[in-house]
Structures are given as C-alpha cells and as structure tokens.
Amino acid sequence: MSTPRLRFAPSPTGYLHIGGARTALFNWLWARRTGGRFILRIEDTDRERSTQAAVDAIFDAMRWLGLDWDEGPDVGGPHGPYFQTQRLEIYRSYADKLRQAGKAYACYCSREELDAGRKQAEAQKRQYRYPGTCREKPYDPSRPHVLRFRMPETGATTFDDLVKGPITTPHDTLQDEVILRGDGMPLYNFGALVDDVQMGVTLVARGDDHVNNTARQILMYQGLGETLPVFAHLPMILGADKTRLSKRHGATSVTAYRDMGYLPGAVVNYLVRLGWSHGDQEIFTLAELTRLFDFADVGDTAGVFNPDKMLWVNHEWLRALSDEELARQALPFFRAAGLPAEDDAKLRHVVRMARERAKTFAEIAQQFRYCYAPAELDPKAAAKFLTPETRPLLQAVRDGLAALPAPDAQSLEKLFQEVATARALGLGKVAQPVRVALTGGTASPGIYDVVLILGRAESLARLDGALARIG
RNA sequence: GGCCCCAUCGUCUAGAGGCCUAGGACGCGGGCCUUUCAAGCCUGCAACACGGGUUCGAAUCCCGUUGGGGUCACCA
C-alpha cells in the first residue's frame, strides 16, 4: 500500500477559522499517525475574495497550532506549484482531455440567459437544472465559452464515506456543471479534483458541507480514468443556537485565541475532542493524538462549540506548565497590558500563584495587575475592610513588617498570627484588610505570598497608603 | 421546496442486542477544606426526540414521523 497523502486546501478569503483548523488538524493527525504526507494547497481561484494577507494569516495560524506541512507553499514539493492560480495550465490540460473524450463540452450561454432560465424555474417553483443547451454544439474556441462536464442523467453514484458510511447521490439531481470559467479559472469541484489527482492525494477529509460535491467529483475522476481517493466528511461545528458557527457566536479565528492567551496544544485538544473521542479521556498531548487519532472514531453528528469547555481545557494545559515556561509565555501578556514585568524570580512567583486561579495568559496578566501597577481599590472592598475598626490591625501589621528586615513565609506567618491572637481574632480578620490594602480587592493568593511578591518596601508603602486613606 | 446527512443529560460524548437502575467531561447546585479567591475532595440535578416493528430481550437493528444541519453559482 502506498504512502497516505492528505491535504488541507483553504481558500484565502479570511483568517483561519476554527472549523478550518479542525479540518486541517484531522488531516494532519492522520498523516502523522500513518507516516504519510501532509500537503498544504491554497485555493485562490476566487480572485475577488482572495488576499495575500489571508494567505499569511493562514500560515501563521497553522504554524502556531503546530500543523506543519510536508509539501506546500514555501516548502515546495514534487507536485507544485501549490497556489491554484499558478496551476492554470494544469487545469486546462485536464479539461482538454475531458473535452476531447467527449466528457466535457463548451457552453456558449451568457450569464443573462442562464439567469433568465433560473428565474423562470423559480417562478414556476421548478427545480432548475442547466437544460443542456450547448451539449451537442461543436467546439468553437473563438467564441467566449465555459466548459461543462457532461453528467449522466440516470443512475446513481454511491461511495463509502470513512465517517458517515455509504452515501448515495441520484444522478438526476446533478447538472452539467461548469468546470472551467470563461477566463480559464477552474471551479471548485474541478480545480480541487485535478489537484488531488495530480498531487496523488489518497484521502480527502473535509467539511460536511462537501458531501454533495463528492458524487460529482467521483464522476469526474471516472471521466478522467483516475483512481478514487477515500473520502471522509467531518461534521460541522455549530454555535450555541445550533446554526453554523460564525462571528455572531464569538471569536472564530484561531489567532484570536492565541491573542487571548490560549495554548496551541489546548486549542488542538479541544478541537479534536469536538467530534472525536477516545473513551473517557479528555486531555491529550499532541504525541498521544498522533498515536490514537482515527477517522473511524469521528462521530457523525454536528457539534456545538462550547467556549466554557475550551477554557477549561486551556486551564488544564496551563497548569501543567513549569513555572519557568509559564513565566516565559505570560510575559508578553503583561507587557501588552502595559505592565513592566520581567522574566525573573518575581514573575515566576506570580505565575506560580496564578496557575490555579487564571485560565488564560490574558487572565493572568489582568488578575495579577496589582503586582506590577498600583492597586486599583475596589470601593466596596475598601468600605468594608479599610475602616477605623481595622486601622489598628493594619498599623500593627505595618509596624511588624517594618521590623522584619528580610521577611519570609515563616516570619510573616508569625507576624500575622501574633497580630490576630493578641486581639483574639481569627486570621481572616487580619488578612482581609491587609489584602485589600495590598491588592485593592478581596480575592488574591495567600496573603504571605502577596507580601513576598510585592516586596517589603512596596508592601509597606501600600499599607501606609491605606492607613492614610482611613485617616 | 428537491436532494443528502444527522438525532443519548443544557453542551461534548461513552455505548457495536443482555454488562444500562445509561458511564465520563464541561457547566450548574450543595458540602468539606480554608486568611479571601482559586485549586482539591465529596455530593446533587440532568439524556436515549416520538410512533411502529424485529427479537426471549433494543439507547443499540428496520420503517415512519418530527426536529436539526448541509447543499442546490462562470463562490469555495
């Protein structure tokens, strides 16, 4: 059996979408699992909507996710070029082959004529199909024309989908489809197929929305006398309202999740679990996935994208990072928030505390802002904890801290205990006002850690500030 | 509307005729721990769309209904 060859063929009309990323991922996973090849091809034949910026954005997102390609733009390969617009002669030659074999023919109908026909059909509530006007006309390359594939009118085509099982399409639902436009651009069904043939693709895994294209493509493979690849149609990703996932449902671009402080592994983990499962396991490393993934285990029902669960998965990944790695990766998010963090012991201490409390890098930077900027006092917290009643407590802690030349966890604990027991109070009565004075709010890591992170001088300053505020 | 596909907790899913009084996870509720917040631990709520078959036995197989999604271009 020959080496499996898979591909991802996005059209560069925008950023890499969550759904596209999952399609790419499943293809990549299978290629890696089987020792096959993963090909990236850019389907840019829609000149109106394709942009270089989108091409760059797609590369960027794929690389971030860790989906590397063996053949494709910028790495090359034996079946290039990998941009469809650079492959026009190839489509032309395959189309000629079809035309010469009588499997395709030139159609000289104008768009106006075609539109009129469609309108009429609609008015009569009839199903429109191209009437075959030019089916028997002789080939005249001097006249403007498109090329149409001659579809069989009777019978049906059945193929065995790797995830959905057998799917049958009656031929009378098909029409003589345009395969080459007037300007020589191939249409999707033809371009993709020619590329798949010429690039030796053995397994086509793509979105569910392509099932209806498959019979037409199979007919064209047969017209060309080429062997068929295996098809796998992946269920769609839906939004919470069960309609196709779109911007209305929140962030759908892969890079948006990078910018929000998600880990690529976590995004991959979540995406793969949306439609694929392996028993009760939820968290998978990339290495595990390239060992376990199988199209046979992909479910055949559409899945609702659940941001909460993705957040949870990200948290699981975040927590597994070492302090060093966590600090290194969190740093840019502190910087982006305008905070003067450095990749140092302090940051490592911060992230060690943040690990259990924040689910993304962006959350870490936002939640621990006070470690690098003046505390933003929450008025409600201040009203409750920075009062004349708590003043003596704050003063006692302040003085005790001032008397500690080099505070550490032990000495701080001793200090707080003494302040509390001297007044027959619980530790919480002391810790909470101090917490508000130091962080501005009522929620934070353990108070000793907060003092240690801020340092003795800064802690004293904030305590003094709170004291002054109470008056 | 035609055609195609699909149908287990709110969501992702396990389930290949008896292991199902339907399991796990997210989320949600309660409790424990505790200097707050998290985390952790314990615990609760919550599903086989409906109707017919087949079978000794059906979430699992078949048919229908309903519901959802996809697709019907010189877009991809």
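To find a chain, count down the sequence lines: A is the first, B the second, and so on, and within it residues start at 1.
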> Apply the test side-chain hydrogen bond (donor to acceptor under 3.5 Å, both in side chains) to residues A/Gln217 and A/Asn189: give CA-CA distance (whole Å), side-chain angles for both, the deciding distance (0.1 Å), then the verdict.
CA-CA 6 Å; A/Gln217 294 186 344; A/Asn189 275 320; 3.0 Å; yes
> Rounding to an integer number of angstrom, what distance separates B/rG15 and B/rU54 when you compare their P atoms?
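Per the computed distance, 29 Å lies between those P atoms.
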> Please determine, for the side chain of A/Lys309, which listed nucleotide (B/rC12, B/rU36, B/rG23) has the closest atom?
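So the side chain of A/Lys309 is nearest to B/rC12.
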> Within the structure shown, what part of the strands sits under 4.0 Å from A/Pro445 by heavy-atom distance: base, sugar-phosphate, or nothing?
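Base, at least one base atom sits under 4.0 Å.
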> Compare side-chain N and O positions of A/Lys164 against OP1 and OP2 of B/rC4 and report whether any pair is under 4.0 Å apart.
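Checking B/rC4 against A/Lys164, no side-chain N or O comes under 4.0 Å of OP1 or OP2.
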> May I ask you to say what A/Ser444 touches in the nucleic acid, namely base, sugar-phosphate or nothing, with a heavy-atom cut-off under 4.0 Å?
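Answer is base: heavy atoms of A/Ser444 come under 4.0 Å of a base.
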> Output yes when at least one side-chain N/O atom of A/Arg352 is less than 4.0 Å from OP1 or OP2 of B/rA39, else no.
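False: A/Arg352 side-chain N/O out of range (4.0 Å or more) of B/rA39 OP1/OP2.
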> Please tell me whether A/Asn314 and A/Tyr270 have a donor and an acceptor in their side chains that are separated by less than 3.5 angstrom.
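A/Tyr270 and A/Asn314 do not have a side-chain donor-acceptor pair below 3.5 Å.
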> Using atom C1' of each nucleotide, how far apart are B/rC33 and B/rC12 to the nearest Å?
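Result for the C1' pair: 31 Å, nearest Å.
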> With a non-hydrogen cut-off below 4.0 angstrom, is A/Glu282 in contact with a base, only sugar-phosphate, or nothing?
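A/Glu282: base contact, heavy atoms under 4.0 Å.
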> Please give the distance between the C1' atoms of B/rA7 and B/rC48 as a whole number of Å.
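Those two atoms are separated by 10 Å.
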> Looking only at side-chain atoms of A/Trp312, point me to the closest of B/rC26, B/rC74, B/rU11.
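Nearest to the side-chain atoms of A/Trp312, counting from C-beta on, is B/rC26.
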> Which whole number of Å gives the distance between the C1' atom of B/rG18 and that of B/rC61?
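One C1' to the other, the span is 15 Å.
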> Assess whether one donor atom and one acceptor atom, taken from the side chain of A/Gln281 and the base of B/rG24, lie less than 3.5 Å apart.
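When only heavy-atom distances are counted, A/Gln281 does not reach the base of B/rG24 through any donor-acceptor pair under 3.5 Å.
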> Under 4.0 Å: is that the gap between some side-chain N or O of A/Ser277 and OP1 or OP2 of B/rA14?
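Yes.
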> So that I know where these two stand, are A/Phe190 and A/Phe149 an aromatic pair - ring centroids less than 6.0 Å apart?
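Centroid separation for A/Phe190 and A/Phe149: 6.0 Å or greater.
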> Flag the pair A/Glu363 and A/Arg357 as a salt bridge only when some basic side-chain nitrogen lies within less than 4.0 angstrom of an acidic carboxylate oxygen.
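No, no charged N to carboxylate O under 4.0 Å.
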> Closest nucleotide of RNA chain B for A/Thr168 versus for A/Gly275: which of these residues is on the 5' side?
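So the residue in question is A/Thr168.
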> What nucleic acid atoms does A/Arg118 come within less than 4.0 Å of, heavy atoms only: base, sugar-phosphate, or nothing?
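A/Arg118: backbone/sugar contact only, no base atoms under 4.0 Å.
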> What interatomic distance, in whole Å, is found between C1' of B/rG57 and the corresponding atom of B/rG17?
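B/rG17 and B/rG57 have their C1' atoms separated by 8 Å.
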> Is any side-chain N or O of A/Arg181 closer than 4.0 Å to OP1 or OP2 of B/rC75?
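For A/Arg181, the contact criterion (side-chain N or O under 4.0 Å from OP1 or OP2 of B/rC75) is met.
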> Please find out if less than 6.0 Å separates the ring center of A/Tyr128 from that of A/Tyr130.
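Not under 6.0 Å, so no.
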> Scan A/Thr45 against the nucleic acid and name what it touches under 4.0 Å (heavy atoms): base, sugar-phosphate only, or nothing.
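Sugar-phosphate: the residue A/Thr45, judged by heavy atoms under 4.0 Å, touches backbone atoms but no base.
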> So does A/Arg273 reach the base of B/rU13 with its side chain, donor to acceptor, closer than 3.5 Å?
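Counting by modelled atom types and ignoring angles, no donor-acceptor contact under 3.5 Å is found here.
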> Taking the same atom, C1', in B/rG27 and in B/rG44, what whole-Å distance lies between them?
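My reading of the C1' atoms in B/rG27 and B/rG44 gives 14 Å.
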> Please determine, for the side chain of A/Gln127, which listed nucleotide (B/rG69, B/rC4, B/rG1) has the closest atom?
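Comparing B/rG69, B/rC4, B/rG1 against the side chain of A/Gln127, the answer is B/rG1.
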> I want to verify a distance call: between B/rG69, B/rG24, B/rA73, whose nearest atom is closest to the A/Met236 side chain?
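Nearest to the side chain of A/Met236 among the choices is B/rG69.
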> Given B/rU35, B/rC26, B/rA39, identify the nucleotide with an atom nearest to the side chain of A/Ile447.
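So the nucleotide nearest the side chain must be B/rU35.
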> Would you kindly give the CZ-to-P distance between A/Phe368 and B/rC37, to the nearest whole Å?
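Answer to the nearest Å: 14 Å.
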> Does A/Tyr448 reach a base, just sugar-phosphate, or nothing at all? Heavy atoms under 4.0 Å.
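Here A/Tyr448 touches the bases of the nucleic acid.
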> Do A/Arg41 and A/Tyr82 form a cation-pi contact, if we require the NZ or CZ to be under 6.0 Å from the six-membered ring centre and within 45 degrees of the ring's axis?
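So A/Arg41 doesn't make the cation-pi contact.
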> Would you please confirm or rule out a distance under 4.0 Å between OP1 or OP2 of B/rG40 and any side-chain N or O of A/Arg319?
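Yes, such a contact exists.
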> Sort out the partner of B/rA25 for me: Watson-Crick or G-U wobble, both distances under 3.5 Å, none otherwise.
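Answer to the pairing question: B/rU11, which forms a Watson-Crick or G-U pair with B/rA25.
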> A/Asp46 side chain: which of B/rC75, B/rG69, B/rC26 is closest?
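The closest nucleotide is B/rC75.
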> P atom, B/rC45 versus B/rG10: distance in rounded Å?
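Pairwise P distance, B/rC45 against B/rG10, rounds to 14 Å.
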> With rounding to whole Å, what would you report as the distance between B/rG67 and B/rA16 at their P atoms?
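It works out to 31 Å between them.
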